[in-house]
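All residue numbers refer to positions in the sequence shown, counting from 1. Only this structure's heavy atoms are used, side chains among them; waters, hydrogens and symmetry mates stay out.
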Amino acid sequence: MSLPVSLGRFGRTSIKCMIFITGLGWSFPAIAAPDAFTQALAAGVSENEALTDYYRGHGFEDLWTGADDKARRAQLFAALDQASLHGLPVVRYDADDLRLAFNAAQTEGDRGRLEAAMSLAYLQYATDLSSGATEPGEIDSTIKRLPQRPDPAMLLVKAGSENFAQFLADLPPDHAEYALLIKEKIMLERAMASGGFGPTIAVAKLELGSSGAAVVALRDRLQAFGYLGASASRDYDHRIAVAVQRFQSDYGLPVDGVAGESTIRALNEEPLERLQSVIVALERLRWFGDTDFGDRYIWVNIPSFMAQIVDEGRITFDTRVVVGKDGSDTRTPEFSETMKYLVVNPSWSVPRSITTKEYLPMLRSSPNAVGHLQVIDSKGRVVPRGSVNFAAYSAKNFPYALRQAPSDGNALGKVKFMFPNVNNIYLHDTPSKGLFANEVRAYSHGCIRVGSPFDLAYALLSLQTDDPQGLFKSYLNTGRETRVDLDVPVPVHLVYFTAWPNSKGAVTYRRDVYGRDAKIFDSLVAAGLAPLGVQG
């Protein structure tokens, strides 16, 4: 038989093996050809440096296929049997295929090839479960997250240790949200098996006074999602309106108690759609591994258009934000960095792309255009506009920069929050407040506009002063650009979760505003993820 063992980072291995097995314990006969096992094993791991070094260093002693390996082998199979629970591409390390190979094998050469296959499957599984089955940057260049892959040599040492079963159990990310997402995945698969969440809501709008079959469908879905208790009402009554408000609040929708287009679209999502979001969320969380988010950290979830301060696992502050619009060079990237300081009364150094694409054409037509911006030379000096022939320059050779001095109309508002990074992304105030009332808030050039910037500043400064508001305003009232260092730097995580547990532990969902989730899911499918509703 031919057994595909790995389609991922550890290469592809096929085993054609007929190894004699006695009973379910996989007892092997005495070695008839002493070199056959070693030769086959060496060939099977030859393209994997870590495995080659390990087996050579251990005299090509078996880990999985010997008579004394029964317990370790059973522990690995038990772990592999759970791969689908995590939404992993099972075909890379399919326990059933490996069992079939054991049951079909005869010779010591086959046993060597099977030993190699087991080790390759183990390394792939342990790596995928602990740090993700895909490469973020290869999926989308704006996903800047860099998973910390486990050392294969360490994994092999752990395989030979007495606490191997516990090591396998500890491989998934040690975050409470991961367990909640697994729980949600199981629920959704059960819902799919039982026919879904019931009939969809087939009207565009429902409100107090509505009645009939559409209200029944609304009622049933609110009950299925846990927002409404037992009810047989066919009328859109006060209880249903309150349940709709609770649903809207959890899903980032306008909280008006009216089931309009956005609310009905969210309520009509089927288990399959949600399951895809959960599987992608599990993969995204695996990219973090066991990274400690921090005792205090800032969490900016792009699809929810919200920023939060989390202290000791509890949300202590949140605010609406505006993120980058959906364009090739304006989407807000995903990465983590550390916020080190604030700038009060900031000036705005206009990004080069905006300067050349948006403002230079205006300046070429009229040197007095965008008069609120200063022209800056390479030494940081303000250049009089009358001395510059803007018409002589193109986007490629324009030698100047543009800057907006601190002011009430400054594009960065009155404060920006700095976590220095190569992406030149930061959080900041804005004079344009109207966009924060919108349901979808993707309008910026990539940076994150904060709806309650002063309150965010007070919260951050509260760890270093008894009067954060007074301290902040003492800098603000000068009108001068001032850097204010944070005594305790704060990790900032710019993330993208369309499925994420709320403070009550219930998983809620958001739109895939940049289409990134779809790309990640396609990548998992390409790696061998089984069709949804089949695996797990």
**Request:** Can you spot which of Pro346, Ser444, Cys447 makes a side-chain contact (heavy atoms from CB on, under 4.5 Å) with His428?
**Result:** Cys447

**Spatial distance of atom CG (Leu129) from atom NE2 (His86) [nearest 0.5 Å]** = 5.0 Å

**Message:** Over 60° means perpendicular and under 30° means parallel, so tell me whether Tyr55 and Phe60 are parallel, tilted or perpendicular.
**Reply:** parallel

**Message:** Using side-chain heavy atoms (C-beta onward) and a distance below 4.5 Å, is Phe417 in contact with Leu342?
**Reply:** yes

**Prompt:** Are any of the side-chain heavy atoms of Leu156 and Leu123 separated by less than 4.5 Å?
**Reply:** yes

**Member of Arg284, Arg331, Lys519 meeting the salt bridge (Lys or Arg N to Asp or Glu O under 4.0 Å) criterion with Asp140** = Lys519

**Request:** Given salt bridge (Lys or Arg N to Asp or Glu O under 4.0 Å), test Arg145 with Glu334 step by step and report yes or no.
**Result:** CA-CA 6 Å; Arg145 207 154 299 287; Glu334 300 169 51; 5.0 Å; no

**Message:** Ring centres under 6.0 Å, that's the criterion: do Tyr122 and Phe164 meet it?
**Reply:** yes

**Asked** Below 4.5 Å, heavy atoms only, C-beta onward: do Tyr54 and Leu63 meet side chain to side chain?
**Response** yes

**Message:** If the condition is ring pair (Phe, Tyr, Trp, His ring centres under 6.0 Å), which residues does Tyr251 pass it with, not counting sequence neighbours?
**Reply:** Phe247

**Message:** The test is salt bridge (Lys or Arg N to Asp or Glu O under 4.0 Å); show your working for Arg449 and Asp429 and say whether it passes.
**Reply:** CA-CA 6 Å; Arg449 305 174 192 169; Asp429 183 16; over 6 Å; no

**Message:** Among Val495, Asn423, Ile143, exactly one meets side-chain contact (heavy atoms from CB on, under 4.5 Å) together with Phe335. Which residue is that?
**Reply:** Asn423

**Message:** For Tyr341, does the six-membered ring have the charged nitrogen or CZ of Arg483 within the cation-pi criterion, i.e. under 6.0 angstrom from the centroid and within 45° of the normal?
**Reply:** yes

**Prompt:** Who pairs with Ser304 by side-chain contact (heavy atoms from CB on, under 4.5 Å), at least two apart in sequence or on another chain?
**Reply:** Asn301, Met306, Arg510

**Item:** Residues in ring pair (Phe, Tyr, Trp, His ring centres under 6.0 Å) contact with Phe293, at least two apart in sequence or another chain
**Value:** His175, Phe288, Tyr297, Trp299, His493

**Asked** If every non-hydrogen atom of Phe305 is compared with every non-hydrogen atom of Ala442, which pair is closest and at what distance?
**Response** CE2-N, 4.0 Å

**Request:** Check whether any side-chain heavy atom of Phe167 lies under 4.5 Å from a side-chain heavy atom of Met154, and answer yes or no.
**Result:** yes

